[in-house]
Amino acid sequence: MRLIPELNSNANALVFGASRGIGLALCAALLARDDVAQVWAVSRNATTATELATLAEQYGDRLKPVDCDARNEQSLEALVSETLAGCEHLHLVISALGILHQDGAKAEKGLAQLTLASLQASFATNTFAPILLLKHLLPLLRKHPATFAALSARVGSIGDNRLGGWYSYRASKAALNQLLHTASIELKRLNPASTVLAIHPGTTDTELSRPFQANVPDGQLFEPAFSADRILEVIGAHGPADSGTFWAWDDTPIVW
Ligand SMILES: NC(=O)c1ccc[n+]([C@@H]2O[C@H](COP(=O)([O-])OP(=O)(O)OC[C@H]3O[C@@H](n4cnc5c(N)ncnc54)[C@H](OP(=O)(O)O)[C@@H]3O)[C@@H](O)[C@H]2O)c1
């Protein structure tokens with residue numbers, strides 16, 4: 001499967017949220033491919049992440065760890081104007097950052113646990129950061145086939161919400177989906193070869209899901225490497241005609 005439909009050169013890829021979990025596994029999966037030239041691996045603590053250092057030992061200059069807080073627009077500006085100064089085009093950007101119970105976010109069971117602080121924390125990382133990332137990377141997505149894929153979550157689907165709870169996380173992902181769909185319409189005008197996708201990676205064994213894994217049925221908790229492979233399959237299966245859509249790890253569509 002090609003990394004991106006219609007791409008006929010080796011890809012420059014950037015993964016945001018790369019220091020651990022699914023983002024780290026995506027970096028490893030991209031570097032293992034011979035149709036990927038370069039991977040920028042970005043997160044707040046990328047340059048000190050031991051797993052990324054191990055990948056860098058294996059892949060040398062093809063992997064570039066970069067520290068950047070996606071909630072800070074000055075850091076995003078510096079990422080583009082300094083770190084990516086020599087890069088003409090990014091063929092693939094994956095936003096794999098997100099929080100559920102970290103950095104002030106809370107996985108609320110009910111309204112009584114909802115606070116302004118946890119709503120703000122969830123929205124800052126899960127919603128505002130990925131769309132500001134897209135805003136700042138836009139000049140690098142305009143010339144050739146380019147895919148911007150953001151890891152969303154099935155629990156962000158309003159149509160699929162039967163259990164309730166997790167107010168901040170659900171709402172932040174639903175709002176992310178709306179922003180991605182809106183951006184897909186603008187990007188189509190700027191670059192007809194662009195694709196914007198929201199992807200649910202499946203429940204995956206990472207720091208984000210760890211406190212909630214007890215109730216996951218047998219066989220439904222994925223290893224990050226499995227999720228990463230599935231995400232790249234979904235990205236490879238959907239080009240510009242599908243821009244602005246929401247997919248699960250098994251390539252089935254999810255209702256908004
Ligand atoms: N795991 C699951 O079961 C599951 C299910 C559905 C959806 N998802 C979604 O999949 C994505 C990846 O989740 P995960 O499970 O891999 O989480 P994770 O293991 O906690 O990793 C999150 C990554 O995001 C980075 N990050 C967090 N805040 C950041 C910020 N402000 N700026 C830059 N980087 C930041 C973290 O690195 P630093 O700390 O170095 O910044 C880390 O690399 C998230 O969007 C999540 O909502 C996960």
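Computed from a predicted model, the values in this text were never measured in an experiment. Indexing begins at 1, ligand by ligand and atom by atom, following the structure's order.
- Between Cys68 and Phe16, some side-chain heavy-atom pair lies under the 4.5 Å cut-off.
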Below 3.5 Å only, please: the N or O atoms of ligand 1 paired with protein N or O atoms, distance on each line.
| residue | atom | partner | partner atom | Å |
| --- | --- | --- | --- | --- |
| ligand 1 | 1 (N) | Thr204 | O | 3.2 |
| ligand 1 | 1 (N) | Thr206 | OG1 | 3.1 |
| ligand 1 | 3 (O) | Thr204 | N | 2.8 |
| ligand 1 | 3 (O) | Thr204 | O | 3.4 |
| ligand 1 | 15 (O) | Thr206 | OG1 | 2.5 |
| ligand 1 | 16 (O) | Ile22 | N | 2.8 |
| ligand 1 | 20 (O) | Arg20 | NE | 3.3 |
| ligand 1 | 20 (O) | Arg20 | NH2 | 3.3 |
| ligand 1 | 20 (O) | Gln102 | NE2 | 3.4 |
| ligand 1 | 28 (N) | Arg44 | NH2 | 3.4 |
| ligand 1 | 31 (N) | Asp69 | OD1 | 2.9 |
| ligand 1 | 31 (N) | Arg71 | NE | 3.3 |
| ligand 1 | 32 (N) | Ala70 | N | 3.0 |
| ligand 1 | 37 (O) | Ser19 | OG | 2.9 |
| ligand 1 | 39 (O) | Arg20 | NH1 | 3.1 |
| ligand 1 | 39 (O) | Arg44 | NH2 | 3.0 |
| ligand 1 | 40 (O) | Ser19 | OG | 2.9 |
| ligand 1 | 40 (O) | Ser43 | OG | 2.8 |
| ligand 1 | 40 (O) | Asn45 | N | 3.0 |
| ligand 1 | 40 (O) | Asn45 | ND2 | 3.4 |
| ligand 1 | 41 (O) | Arg44 | N | 2.9 |
| ligand 1 | 41 (O) | Arg44 | NE | 2.7 |
| ligand 1 | 43 (O) | Gly17 | O | 3.3 |
| ligand 1 | 43 (O) | Ser19 | N | 3.1 |
| ligand 1 | 43 (O) | Ser19 | OG | 2.9 |
| ligand 1 | 43 (O) | Arg20 | N | 3.4 |
| ligand 1 | 45 (O) | Leu97 | O | 2.8 |
| ligand 1 | 45 (O) | Leu151 | O | 3.4 |
| ligand 1 | 45 (O) | Lys173 | NZ | 2.9 |
| ligand 1 | 47 (O) | Tyr169 | OH | 2.6 |
| ligand 1 | 47 (O) | Lys173 | NZ | 2.9 |

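- If you check the side chains of His238 and Asp251, you find a donor sitting under 3.5 Å from an acceptor.
- Side chains of Ser75 and Asp69: a donor-acceptor N/O pair is absent below 3.5 angstrom, by distance only.
- In this pair, Phe212 and Trp166 present their aromatic rings perpendicular. The plane angle is above 60°, beyond the 30 to 60° band.
- Taking the side-chain contact (heavy atoms from CB on, under 4.5 Å) definition, one finds that Thr206 meets it with Ile22, Thr204, Leu208, Ser209, Pro224, sequence neighbours left out.
- In the model, Glu77 has no side-chain atom that pairs as donor or acceptor with a side-chain atom of His136 under 3.5 Å.
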